[in-house]
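Have a look at the structure below, then the notes.
Ligands are counted one by one from 1 in listed order, and the atoms in each one are counted from 1 as well. In this text, all values refer to a predicted model and were calculated from it rather than measured experimentally.
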Amino acid sequence: MAKTRFVETHEELSVLAAEKIFSCIQQKPDAVVCLAGGDTPLRTFDIFIEKTKHHSVDLSKITFVGLDEWIGLDGFDKGSCRNTLDEYLFSPLNVKENQIIFFDGKAESTEGECNRIRNAINRLGGLDFILLGIGENGHLGFNEPDVPVDELVHIVTLDNITRESARKYFSSPVNVSKGITLGMKLILSTKEIVTIASGESKAPIVDQIINGPVTHKVPASLLNNLEIAEFIFDKTAASKNFV
Ligand code: PGA
């Protein structure tokens, strides 16, 4: 059974999530970590950055793996997953390019890109830690409802909720219909999984994750079966279940 923690505020959630990442890299200075983009983790990144600076932690042996990317966009596109991570995490931490394994959403061959990332993660022996957000439809990365659960890395056609929510990341309209993402098989085989959700818009799906069945129709619910998984929900996201 996954652990579920309820906290009052997004700030508390961010402090806890940052502590989790920090403790992972302290225990394993050459850890392979994957930190989701999106809005929810941005404050977690700030706190994590402050902590590493405060404790003068050497991150030079850490490998950072990207969770997902919009097909058609790369790190130069403001609002892309890579661009967000560059701005809020990699640049402030001075992470070197050779420590980053990230999807290029503009790669000529998307299948080739899946293979490149799959092989790179395989060579590293899998992921030690992953921080995930949850989509309003229950997706993890771009693993949309009804996703096949046996994929390591794959291309996904985005559902309408994800296309709609894409708007908040971009200052001008973008036409995104597909994503490239770590698949559920890879995510679920990570040694430690922390999943965070905040905000009213997540309350219905968080309610399903807490009270509904474990089903690939709600990809985040699949984490419920894992001992090594932990959910952290703040009061707004867990408003239907806050205890
Ligand atoms: P958000 O995205 O953190 O911006 O809400 C989460 C997600 O869609 O996975």
Side-chain angles (χ1 to χ4, degrees), residues 7 9-18 20-21 34-48 65-71 73 77-89 102-103 105 127 129-147 153-154 156-171 174 176-184 186-188 190 193-209 216-223 229-239:
V7 295
T9 63
H10 180 252
E11 183 67 13
E12 275 177 78
L13 171 154
S14 307
V15 168
L16 277 179
K20 294 272 168 194
I21 312 167
C34 173
L35 306 180
D39 290 339
T40 316
L42 297 182
R43 180 67 187 133
T44 300
F45 295 163
D46 285 346
I47 298 167
F48 174 67
V65 175
L67 174 62
D68 52 8
E69 187 57 278
W70 310 93
I71 293 283
L73 304 183
D77 294 299
K78 184 101 184 117
S80 70
C81 302
R82 172 65 197 260
N83 188 277
T84 304
L85 270 288
D86 277 345
E87 181 174 347
Y88 290 94
L89 193 73
F102 218 103
F103 294 110
L127 303 178
F129 182 96
I130 191 164
L131 176 70
L132 298 163
I134 304 175
E136 286 171 31
N137 59 1
H139 77 191
L140 297 176
F142 283 140
N143 294 287
E144 304 284 47
D146 285 322
V147 72
V153 179
H154 62 146
V156 177
T157 299
L158 302 174
D159 84 1
N160 288 339
I161 295 180
T162 302
R163 287 184 210 194
E164 190 59 31
S165 70
R167 289 175 184 211
K168 68 177 180 167
Y169 304 119
F170 303 102
S171 49
V174 289
V176 284
S177 59
K178 287 188 173 187
I180 184 167
T181 185
L182 302 187
M184 290 308 297
L186 191 52
I187 291 175
L188 297 177
T190 303
I193 304 174
V194 176
T195 305
I196 54 178
S198 171
E200 294 284 327
S201 67
K202 304 288 171 69
I205 200 70
V206 166
D207 184 41
Q208 280 194 52
I209 294 164
H216 64 303
K217 292 186 187 316
V218 181
S221 73
L222 298 171
L223 299 168
E230 177 166 356
F231 291 103
I232 310 174
F233 300 132
D234 75 6
K235 201 171 184 170
T236 55
S239 54

Under a 4.5 Å cut-off applied to non-hydrogen side-chain atoms, are Ile193 and Glu230 in contact?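 Not touching, per the 4.5 Å side-chain cut-off.
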With a 4.5 Å heavy-atom cut-off, do Ile161 and His139 have their side chains touching?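 No, their side chains stay 4.5 Å or more apart.
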Worked verdict on Glu136 versus Ser165 for side-chain hydrogen bond (donor to acceptor under 3.5 Å, both in side chains): CA-CA 9 Å; Glu136 286 171 31; Ser165 70; 6.0 Å; no
Protein residues that have a heavy atom under 4.0 Å from any atom of ligand 1, sorted by chain and number: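 Protein residues near ligand 1 are Gly38, Asp39, Thr40, Gly133, Ile134, Gly135, His139, Lys168, Tyr169, Lys202.
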Side chains of His216 and Asn143: donor-acceptor distance under 3.5 Å anywhere?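 There is no such pair (donor and acceptor under 3.5 Å, judged by atom type) between the side chains of His216 and Asn143.
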Phe45: which residues meet the ring pair (Phe, Tyr, Trp, His ring centres under 6.0 Å) condition with it, sequence neighbours left out?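 Not a single residue meets the ring pair (Phe, Tyr, Trp, His ring centres under 6.0 Å) criterion with Phe45.
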Compare every heavy atom of Leu67 with every heavy atom of Phe103, then report the nearest pair and how far apart it is.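 Nearest pair, atom of Phe103 first, then Leu67: CE1-O, 3.4 Å.
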